Amino acid sequence: MGAYKYMEELYKKKQSDLLRFLLRIRCWQFRQLAAIHRASRPTRPDKARRLGYKNKQGICIYRTRVKRGGRKRPVAKGICYGKPKTSGVNQLKFQRPSSPSPRSVLDGPAVVSVS
């Protein structure tokens, strides 16, 4: 079993003592860094290589923080006017527009007909 396969098997057991300790230390370490910073190497080289990463000149990795949670209503001081039904701020779910926008049409599967 090679090194990459060993790492893959290790990450499958997330409740193991070793991985729990490693993730806790990394979580603390990442919180001490800036919100966007350049990483010298990928955290998981096995996963990065499967996604197409090659360790060569000209390829760089940046790590960034991502906000957790869903959509928050952009209102001042959390005050929503109107009926109580529309007064929510935090537990909103992203609703896709009912009419297809040009962007969503372009993102869909392309159909090519040759005649």
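Small disclaimer: the values here were computed from a predicted structure and weren't measured.
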Using residues 27-37 as the side-chain source, report each donor-acceptor pair under 3.5 Å to any protein atom, sequence neighbours left out, with the distance given to one decimal.
unit_1, atom_1, unit_2, atom_2, d
Gln32, NE2, Trp28, O, 3.2
His37, ND1, Ala34, O, 3.2
His37, NE2, Arg63, NH1, 3.1

Inset, instruction - Of all the heavy-atom pairs spanning Leu19 and Lys13, show the shortest one and how long it is. - result: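 Distance-wise, the nearest heavy atoms are CD2-O, 3.7 Å.
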Rounded to the nearest 0.5 Å, what separation is found between the [atom1] atom of [X] and the [atom2] atom of [Y]?
X: Asp17; Y: Leu22; atom1: CG; atom2: CG; answer: 12.5 Å
X: Leu10; Y: Tyr6; atom1: CG; atom2: OH; answer: 5.5 Å
X: Met7; Y: Arg49; atom1: CE; atom2: CZ; answer: 11.5 Å

Inset, instruction - Verify the neighbour count for atom CZ of Arg20: are there more than 12 heavy atoms of other residues, nucleotides or ligands below 6.0 Å? - result: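 No - once you tally the heavy atoms of other residues, nucleotides and ligands closer than 6.0 Å, there are 12 at most.
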Inset, instruction - Sequence neighbours left out, what passes side-chain contact (heavy atoms from CB on, under 4.5 Å) with Lys12? Give chain and number order. - result: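 If we apply the side-chain contact (heavy atoms from CB on, under 4.5 Å) test to Lys12, skipping adjacent residues, the hits are Glu8, Glu9.
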Legend entry - Partners passing side-chain contact (heavy atoms from CB on, under 4.5 Å) against Arg41 (at least two apart in sequence or in another chain):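 side-chain contact (heavy atoms from CB on, under 4.5 Å) check on Arg41 returns nothing, list empty.
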Using distance only, find each side-chain donor-acceptor pair of residues 80-91 under 3.5 Å and give its atom names and separation, not counting sequence neighbours.
unit_1, atom_1, unit_2, atom_2, d
Thr86, OG1, Lys83, O, 3.0
Ser87, OG, Pro84, O, 2.7

Legend entry - Set of residues satisfying salt bridge (charged side-chain N to carboxylate O under 4.0 Å, His left out) with respect to Arg44, sequence neighbours excluded: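 Salt bridge (charged side-chain N to carboxylate O under 4.0 Å, His left out) check on Arg44 returns Asp46.
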Inset, instruction - Applying side-chain hydrogen bond (donor to acceptor under 3.5 Å, both in side chains), name anything that partners Tyr11, two or more places apart in sequence or on another chain. - result: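 For Tyr11, the residues satisfying side-chain hydrogen bond (donor to acceptor under 3.5 Å, both in side chains) (neighbours in sequence not counted) are Arg26.
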